[in-house]
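Computed over heavy atoms, backbone and side chain alike; hydrogens, waters and symmetry mates excluded. Chain letters run A, B, ... following the sequence lines, proteins first and then strands; every chain starts at 1.
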4 protein chains.
Amino acid sequence: MTEPLKSPAPSRIQRRNRARILEAALDVFAQHGYRGATLDQIAESAGLSKPNILYYFAGKEEIHVTLLHQLMDNWLEPLRQLDPDGSPLEELLTYVRRKLEMSQAFPRESRLFANEILQGAPRIAPLLEAELKPLFDGAAALIDRWAGAGAIAQVDGRHLIFSIWATTQHYADFEAQIAKLMGPDAPREGAAEFLNGLYTRALAPDQS
Amino acid sequence: MTEPLKSPAPSRIQRRNRARILEAALDVFAQHGYRGATLDQIAESAGLSKPNILYYFAGKEEIHVTLLHQLMDNWLEPLRQLDPDGSPLEELLTYVRRKLEMSQAFPRESRLFANEILQGAPRIAPLLEAELKPLFDGAAALIDRWAGAGAIAQVDGRHLIFSIWATTQHYADFEAQIAKLMGPDAPREGAAEFLNGLYTRALAPDQS
Amino acid sequence: MTEPLKSPAPSRIQRRNRARILEAALDVFAQHGYRGATLDQIAESAGLSKPNILYYFAGKEEIHVTLLHQLMDNWLEPLRQLDPDGSPLEELLTYVRRKLEMSQAFPRESRLFANEILQGAPRIAPLLEAELKPLFDGAAALIDRWAGAGAIAQVDGRHLIFSIWATTQHYADFEAQIAKLMGPDAPREGAAEFLNGLYTRALAPDQS
Amino acid sequence: MTEPLKSPAPSRIQRRNRARILEAALDVFAQHGYRGATLDQIAESAGLSKPNILYYFAGKEEIHVTLLHQLMDNWLEPLRQLDPDGSPLEELLTYVRRKLEMSQAFPRESRLFANEILQGAPRIAPLLEAELKPLFDGAAALIDRWAGAGAIAQVDGRHLIFSIWATTQHYADFEAQIAKLMGPDAPREGAAEFLNGLYTRALAPDQS
DNA sequence: CATGAATGAGGTTTCATTCAT
DNA sequence: CATGAATGAAACCTCATTCAT
């Protein structure tokens, strides 16, 4: 995250090459998983030699961890924007929409994350605890307050968040399956509409 | 020399050992992914020697494919039981419940499947086409008919199925994350209640 | 040293191959040092494939440590045979002779040991403490008693032992230099005679 | 372009940097051996960049050879000072004392040399032949003459020199072992006294 | 005079698979 | 039916050295 003390500001070449490597690694890790990915693939995809990759990163794991850290930051942005003072239903529907947009804009990031969690989060567990959990707890409590006040239907905030994550990321993570079932280039716009309808009805406050 | 043409009926030992291997492999593949799993791990977990594993299966890939085939069969069972003549809302809520139960009863199978799809379904694509797609198309069409008839809310059947898969399997596939956020042994019963409520409201036919 | 509990008695092939590997490794380590030696060299010299080497030993370091352990045992034998009840002068001269014979019979072992000590004994330090030190302390005390009783000249036992080690092992460890200075195949018998004379005079009790 | 023919007089910076590099390399080579040492370690220890190291020396080997040449010069100094016209016994005891002082003052040099010889003197053999051998032959002949004349005990000059080298350098080369056996900071002064006594008695002319 | 960037050769080790019994 | 023994391919990584400025 923060630059080590001694290192001088990275040169333009350094920034460009680090970016290239991370871009290539994202591709490879997202497709093959951590163990399935090889430095050879990353090097070839980045257009650099393998030892040169290791000139920029200490090893395979450091590349992976760097990606996960970067990802986590972006990943949490929509959650941070939940506004306690906004209209509850609108806020949540906006959250669903943003999350879906992110999954569609960054499917590789989503799959990278899914891969890591599937394997027990061996390299990202501390980050989950330190960064994700506080945000999650806050958001769940906010939703619970909204539900308690009758502004939305009676739902458990934590499970609601899980369901939003699941339904939106599904379009990135299970893309291979969806392509087989809906045709490879079927526009996935139906997803936004569907999820909007689903949560609109599911969250509408009780009519009593 | 005078071997029977196809394959002799497997002995009891053979059946037991094949079962042991598959059981062990499920463990290992689900935890480490296909590439991350090693025959050594599988052999140790199965209590057999590595060459003996290869006596029963031609190679690592065959074990994996065998697992995927077995899995697919069970996996589709709930979908097959959707009854066109049943009460639409009840049928769908039952499907959600069964799917969630399966995820909780067979989390390793769910993760094995997720792993495979995440990596582009390289080994399971034909099965998806041959077995899953017909069922999926049928179920989606059924739901669309129900929606068209006003028996449930206006939803796109295909996306509804996706959302059910996503929300139920999430509890198995993202277990590591959920454990971090909810505590390691938090009972996940809230899930069934939440999903039941969610889909009950979301699928209720319009009140017009 | 002692067999791990589970391992079955090693087969004849296993014993033969382990012996081959250790023999080859002794050659290579003694000549090039730990870091300078490569598994390739050891494998070629042993007539086995590189992975097969690693089938018998967990890694390069384990081979090295195994050699050091074996060596230490033989190395200490002459010291153990110092007889407190023997004639002091004869005992010490016999020790010198035996030590020299060992250096001439096992020059590779001597060089392997010297290499390890030169580099700070990183892998053998515990053994020095546990096995060598008690023997050393005992022998030094014995010599000090002999000197105190006037049976030999007034010498510090510890330094006497060091000098014996140094002078005898020198013929193995600095063989390359000696060959250059004395001719490659000069019989080194002069050494035994010289050292016998040296210590005979140096240790003769004072004539007072 | 218009470079002077041979080499311009080295600037002050050049001399300082060459010295720094050699000082750092001595440290690293003495501790890890030739193969175990890396340019990175030397560069870091010298406070220079790796390419800069190679600006001053053509490669790793040249640094090593330069060190060996420097060392050899100092190393032989005590031998050169053996005075044929001095008192034989005193001359030899003085040689022992000087050699021991050098070992204690320059233990890294001693270990560097030992390392090189242990590995068969691949890089220093010509030097041994050209510089060491004549001196050695001369000194051995001198000692033999002294012995023949009855001025000292009957010893073989060549083996006597070996024994002096061995016993004095031992305190530098086997320091790790000695530290384990005598305690890490035990003053090693006993060594001088011991060796003086040893050679005094061993070299005293026969009383006949 | 100095160095950030790059790389080819080679190091140890892992692993799926085959051999031979 | 089972397994000790063996191996080729390829993985990650190190390191002396060169390039280009």
Chemist: Find which nucleotide of DNA chain E each of C:G59 and D:R16 is nearest to by heavy atoms, and output the residue with the more 5' nucleotide.
Modeler: D:R16
Chemist: Rounded to the nearest angstrom, tell me the gap between atom NE2 in A:H64 and atom C1' in F:dC12.
Modeler: 16 Å
Chemist: Could you check how far CZ of A:R20 sits from C1' of E:dA5, rounded to whole Å?
Modeler: 13 Å
Chemist: Quickly work out the B:R18 CZ to F:dA2 P distance and round it to whole Å.
Modeler: 13 Å
Chemist: Need to verify one output field. Residue with the more 5' nearest nucleotide on DNA chain F, B:Y56 or A:K60?
Modeler: B:Y56
Chemist: Would the number of heavy atoms belonging to other residues, nucleotides or ligands and lying under 6.0 Å from OH of D:Y56 be above 12?
Modeler: yes
Chemist: Strictly below 4.0 Å: does C:Y55 bring a side-chain N or O up to OP1 or OP2 of F:dA6?
Modeler: no
Chemist: A side-chain contact here means heavy atoms from C-beta on lying under 4.5 Å apart; do C:R108 and C:E23 qualify?
Modeler: yes
Chemist: I'd like to check A:F29 versus A:N115 (side-chain heavy atoms, cut-off strictly below 4.5 Å). Are they in contact?
Modeler: no
Chemist: Map every base of DNA chain F to its dot-bracket character, where paired means a Watson-Crick or G-U wobble contact with both distances under 3.5 Å and | marks a partner outside the strand.
Modeler: .||||||||||||||||||||
Chemist: Distance check, rounded to the nearest 0.5 Å: C:L127 atom CG versus C:D73 atom CG?
Modeler: 9.0 Å
Chemist: Is the shortest side-chain N/O distance from A:Q14 to OP1 or OP2 of E:dG4 below 4.0 Å?
Modeler: no
Chemist: Might you work through the side chain to side chain donor-acceptor pair (under 3.5 Å) test for D:S45 and D:D27, ending with a clear yes or no?
Modeler: CA-CA 9 Å; D:S45 173; D:D27 243 38; 5.0 Å; no
Chemist: Quick one: pull up CZ in B:F113 and CG in B:L68 and give me the separation to the nearest 0.5 Å.
Modeler: 8.5 Å
Chemist: Below 4.5 Å, heavy atoms only, C-beta onward: do D:E175 and D:R111 meet side chain to side chain?
Modeler: yes
Chemist: To the nearest Å, how far apart are A:R15 CZ and E:dA5 P?
Modeler: 11 Å
Chemist: Could I get the full list of side-chain contact (heavy atoms from CB on, under 4.5 Å) partners for C:R20, not counting sequence neighbours?
Modeler: C:R16, C:N17, C:L48
Chemist: Fit a plane to each ring of B:H64 and B:Y34, take the angle between them on a 0 to 90° scale, and name the class: parallel (under 30°), tilted (30 to 60°) or perpendicular (over 60°).
Modeler: tilted
Chemist: Do any of residues 29-54 of chain A sit with a heavy atom less than 4.0 Å from DNA chain F, and if so which?
Modeler: A:A37, A:T38, A:L39, A:D40, A:K50, A:P51, A:L54
Chemist: Give a yes/no on whether any side-chain N or O of A:N17 is located under 4.0 angstrom from OP1 or OP2 of E:dA6.
Modeler: yes
